[in-house]
Number of protein chains: 2
Amino acid sequence: MRISEVAAMSGLTIDTIRFYEKSGLCPAIDRDAGGKREFSSEDADWLCLLSSLRETGMPTGEMRHFAEMYQVGDATIPERKQLLLEHSDRLKDRRADLDQCEQLLAFKLARYDKILGGK
Amino acid sequence: MRISEVAAMSGLTIDTIRFYEKSGLCPAIDRDAGGKREFSSEDADWLCLLSSLRETGMPTGEMRHFAEMYQVGDATIPERKQLLLEHSDRLKDRRADLDQCEQLLAFKLARYDKILGGK
DNA sequence: TCTTGACATGGAGTGACTCCAGGTCGGTAC
DNA sequence: GTACCGACCTGGAGTCACTCCATGTCAAGA
């Protein structure tokens with residue numbers, strides 16, 4: 001796969017994908033004879049996962065750590081599992097933030113409607 | 001209220017509060033005789049709202065716009081309402097991102113458990 | 001009076017992109 | 001065969017939203 005295809009399916013921009021490779025957040029991507037990146041479907045899956053993780057607030061340091069453990073092999077699975085479980089907790093926190101913001105917005109909007117309705 | 005109290009109740013850091021004031025994301029804060037910021041409860045509420053909005057992904061440009069409209073007065077309420085409604089949509093998107101990530105994590109974790117259990 | 005702690009300022013540094021200038025390569029159009 | 005095009009490449013500068021730091025002020029307690 002070409003970089004533009006992976007960008008389309010992962011939701012990352014082409015620049016972000018190159019940035020992720022350069023900073024070791026994903027395994028190095030193979031190149032074709034002309035020097036262009038040639039993504040395996042495994043690479044593409046990896047970038048989709050990264051996209052989802054960053055969208056939900058995982059710092060890049062953690063993503064890099066995850067990529068490094070992946071390179072090492074199955075021996076790191078317990079550690080990788082731990083990292084994903086911790087991210088799971090982060091999702092809970094984010095959900096709570098969303099809930100709180102939603103309440104606040106509902107309150108504000110109700111006040112606005114009251115002011116507007118009273119006109 | 002002092003800046004440290006507002007930081008504690010809003011969840012923003014002291015630095016972030018100063019940064020928000022400097023960049024016009026909140027109305028200018030009154031100072032006491034010694035030049036220290038003296039926050040009204042209205043200021044504190046405002047910063048709590050900002051904290052919640054930024055936590056859920058509102059860009060600072062939008063927050064600034066919101067603050068400017070607030071300064072103008074009640075005439076801007078329809079526009080402010082619109083802005084909050086748009087942020088509400090953003091919350092929906094974020095929730096969808098969380099759901100998707102949760103599914104992905106569940107899938108990954110199940111695979112890890114399978115590998116670990118099969119040992 | 002001396003020290004401590006909370007505050008102030010301006011400016012440099014950081015994380016995570018994002019954009020740009022300038023260059024290569026493979027394919028179609030003339 | 002060469003002119004052009006679009007998609008790719010690289011290195012490096014720019015941006016956004018903080019975050020940290022050096023330095024300084026000031027009120028209050030020992």
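Just so you know, these numbers come straight off a predicted model, no measurement behind them.
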Q) Do B:W46 and B:F39 have ring centres separated by under 6.0 Å? A) no
Q | Residue met sooner reading DNA chain D from 5', once B:G34 and B:R64 are mapped to nucleotides | A | B:R64
Q. Hey, does B:R18 reach any base, or is it just sugar-phosphate, or nothing, if we go heavy atoms under 4.0 Å?
A. base
Q. Tell me: CZ of B:R31 to C1' of C:dC7, nearest whole Å?
A. 10 Å
Q. Any side-chain heavy atom of A:H87 sitting closer than 4.5 Å to one from A:L83?
A. no
Q) Can you check the A:D15 CG to D:dC16 P distance for me, whole Å? A) 16 Å
Q.
Any side-chain to backbone donor/acceptor pair from A:E21 onto A:I29? Under 3.5 Å, distance only.
A. yes
Q: Measure from CD1 on A:I17 to C1' on D:dT10 and round the result to the nearest Å.
A: 17 Å
Q. According to a strict under-4.0 Å criterion, is A:Y20 in side-chain N/O contact with OP1 or OP2 of C:dC17?
A. yes
Q) In whole angstrom, what separates A:K36's NZ from C:dG23's C1'? A) 12 Å
Q | DNA chain C: 5'-proximal contact among B:I14 and A:G61 (nearest heavy atom) | A | B:I14
(Q) Looking at every non-hydrogen atom in both residues, tell me the closest pair between A:L25 and A:A67 and how far apart they are. (A) O-CB, 3.4 Å
**Q.** C:dC7 phosphate, OP1 or OP2, under 4.0 Å from B:R37 side-chain N/O
**A.** no
Q) Quick one: B:R2 CZ to D:dA28 P, roughly how many Å, whole number? A) 9 Å
Q: Check the distance between D:dC18's P and B:L47's CG and give it to me in whole angstrom.
A: 12 Å
Q: Determine: side-chain N/O of B:S4 to OP1/OP2 of C:dC7, distance under 4.0 Å, yes or no.
A: yes
Q: Return the value, rounded to whole Å, for the distance between atom CD of A:E38 and atom C1' of D:dA7.
A: 13 Å
Q) Nearest nucleotide by nearest heavy atom, which residue falls closer to the 5' end of DNA chain C, A:L25 or A:A33? A) A:L25
Q: Check whether any side-chain nitrogen or oxygen of A:T16 sits under 4.0 Å from OP1 or OP2 of C:dT18, and answer yes or no.
A: yes
(Q) Tell me whether B:D43 contacts the main-chain N or O of B:S40 through its side chain, where contact means a donor paired with an acceptor under 3.5 Å. (A) yes
Q: Would you kindly give the CZ-to-C1' distance between B:F19 and C:dG15, to the nearest whole Å?
A: 14 Å
